[in-house]
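The next block holds one structure in the form of structure tokens; read it before the comments.
Bear in mind the structure is a predicted one, so any value in this text is a computation, not a measurement. Atoms within a ligand are numbered from 1 in the order they appear, just like the ligands themselves.
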Amino acid sequence: MYAQLVDVERSDPTAPDEPSFQQRIDAGIKIEPRDWMPEGYRKTLVRQISQHAHSEIVGQLPEGNWITRAPTLRRKSILLAKVQDEAGHGLYLYSAAETLGAAREDLLTDLHSGRAKYSSIFNYPTLSWADIGAIGWLVDGSAIINQIPLCRCSYGPYARAMVRVCKEEAFHQRQGFDIMLTLCRGTPEQRSMAQDALDRWWWPSVMMHGPRDEDSVNSAQSMQWKIKLHSNDELRQKFIDQTVPQAEFLGLTIPDPGLKWNAERQHYDYGEPNWQEFWNVIKGGGPCNRERLRARVKAYEDGAWVRAAALAHAEKRAKRQP
Ligand code: BYC
């Protein structure tokens, strides 16, 4: 299918040129799967949407670890629902990538072989129950800040998928904050668990927004095409400005001595993240990269019989159709 789409683009003499494509984007017109698009636009979208899908799927693992160890039945059912939501997000996103001619099997092969990227944040371990609170509060909080603008991105299927994803992420963020609030109002041991989780998840959450703008190779073109509406540093600043008062409300200390309100800029100044750690995690050297990929490959292999059964069922039904 992908090859066919590329052929249509090359051979169609009425295909619009790049300037008129850009004019449509600038005018806020959504690009739909059957519309002409430059090859670079298609490739950038497949890259970003598939990385996003992989992140949702791999992102189930750190929290999935705690489903059997949730402290109460209520917490367990909330966490179960959240992890299932993440699976759903991954599936919408793989479908959105398929509208661009990408084959799901190829995308999964790239993930399982380690060729494809997924969010750096999911390569850190969840050591205590407080980490589940910190993930909801900080990681889903970051995800909302990144994804709300994506509801207005230029590619129709991606923008529409994001609307539902964002509604669910808002619930995820609130449940994470609620876990943190409960711990912070609890015993001294519970408060120190919450502080320890914040200490470990703060910097990975700050870095999750991507490299500094000056090191972001894709931003300029993606912003011109409105695949991204804000730069990495803009979204990072928004995350920090939003989260500092929440940490103060919880009575927790953000582990950044460089953090202070800048009255002139009307934003918080913050310290420099450890970018070497970020690039190392992306290259596969984070604390849990190998474990995460192993778990995904095993899940895929264990699910082979389900895919075979679903396919056999679909083929049988198709044969019965007149
Ligand atoms: N992790 O030029 P840049 C969730 C890569 S799911 C790994 O700035 P771009 C959740 C980047 O791919 C959260 N890699 O890139 C799920 C590029 O490499 P390539 C996922 C990263 O694309 C379950 C290189 O670094 N959200 O929230 O313009 C439970 C240079 O970067 C990362 C999305 O995927 C990273 N953090 O901007 C709970 C949102 N950052 O591809 C929560 C959609 C950068 O050139 N994606 N890289 O080899 C985006 O908005 C953008 O792709 C990014 C990066 C802001 C992430």
Among all protein non-hydrogen atoms, which one is nearest to [atom], and what is the separation to 0.1 Å?
atom: atom 39 (C) of ligand 1; value: N146 OD1, 3.1 Å
atom: atom 5 (C) of ligand 1; value: K117 CD, 3.9 Å
atom: atom 17 (C) of ligand 1; value: N218 ND2, 3.6 Å
atom: atom 40 (N) of ligand 1; value: G210 CA, 3.3 Å
atom: atom 35 (C) of ligand 1; value: S120 OG, 3.5 Å
atom: atom 56 (C) of ligand 1; value: M208 O, 4.6 Å
atom: atom 14 (N) of ligand 1; value: I282 CD1, 3.3 Å
atom: atom 12 (O) of ligand 1; value: Q51 OE1, 3.0 Å

If we set the cut-off at 4.0 Å for heavy atoms, which region of [X] has an atom near ligand 1: side chain, backbone, both, or neither?
X: Y118; answer: backbone
X: Q60; answer: neither
X: D140; answer: side chain
X: D215; answer: neither

For this session: Measure up the H112 and Y300 rings against each other and bin them: parallel (under 30°), tilted (30 to 60°), perpendicular (over 60°).
Result: tilted

Exercise. Using 30° and 60° as the class limits, which term best fits the ring planes of F239 and H209: parallel, tilted or perpendicular?
Worked result: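 Because their plane-to-plane angle lies in the 30° to 60° range, the rings of F239 and H209 count as tilted.
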
Any side-chain heavy atom of [X] within less than 4.5 Å of one from [Y]?
X: K228; Y: C153; answer: no
X: R296; Y: I57; answer: yes
X: S120; Y: P204; answer: no
X: W261; Y: Q266; answer: yes
X: W137; Y: T243; answer: yes
X: I145; Y: H230; answer: no

Problem set entry | Selected option - heavy-atom contact closest to atom 29 (C) of ligand 1, from E86, R47, H52 |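 Answer by nearest heavy atom: E86.
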
Exercise. Out of Q147, Q48, K228, M223, whose heavy atom is nearest to atom 54 (C) of ligand 1?
Worked result: K228

N/O to N/O below 3.5 Å, does that happen between [X] and ligand 1?
X: A143; value: no
X: N232; value: yes
X: G59; value: no
X: S216; value: yes

For this session: First locate atom CD of E98, then atom CG of L93, and finally report the distance between them rounded to the nearest 0.5 Å.
Result: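 With rounding to 0.5 Å, CD (E98) is 11.5 Å from CG (L93).
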
For this session: Report, in ascending order of atom number, the atoms of ligand 1 lying under 4.0 Å from any heavy atom of H209.
Result: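 Every atom of ligand 1 under 4.0 Å from some heavy atom of H209: 55 (C).
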
For this session: Within a distance under 4.0 Å of any heavy atom of Y158, pick out the atoms of ligand 1 and give their elements.
Result: 43 (C)

For this session: Answer yes if the ring centres of H54 and Y94 are under 6.0 angstrom apart, and no otherwise.
Result: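 Here the rings of Y94 and H54 have centres that are less than 6.0 Å from each other.
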
Exercise. Do any heavy atoms of P211 fall under 4.0 Å from ligand 1?
Worked result: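 Distance cut 4.0 Å: P211 passes for ligand 1.
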
Exercise. Okay, side chain of R292, backbone of F122: is any donor-acceptor separation there less than 3.5 Å?
Worked result: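 Yes, because the side chain of R292 sits within donor-acceptor range (under 3.5 Å) of the backbone of F122.
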
Exercise. Does a donor on one side chain and an acceptor on the other come within less than 3.5 Å for N262 and D269?
Worked result: yes

Exercise. Is the closest side-chain donor-acceptor distance between Q276 and N280 under 3.5 Å?
Worked result: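 Side-chain D/A pair, Q276 to N280: absent.
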
Exercise. Short check: is a protein heavy atom less than 4.0 Å from atom 10 (C) of ligand 1?
Worked result: yes

For this session: Considering only protein heavy atoms, determine whether one is less than 4.0 Å from atom 44 (C) of ligand 1.
Result: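 Given the 4.0 Å cut-off, atom 44 (C) of ligand 1 counts as touching protein heavy atoms.
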
For this session: Kindly indicate, with the supporting measurements, whether the criterion salt bridge (charged side-chain N to carboxylate O under 4.0 Å, His left out) is fulfilled by E39 and R42.
Result: CA-CA 5 Å; E39 192 49 24; R42 183 195 310 282; 3.4 Å; yes

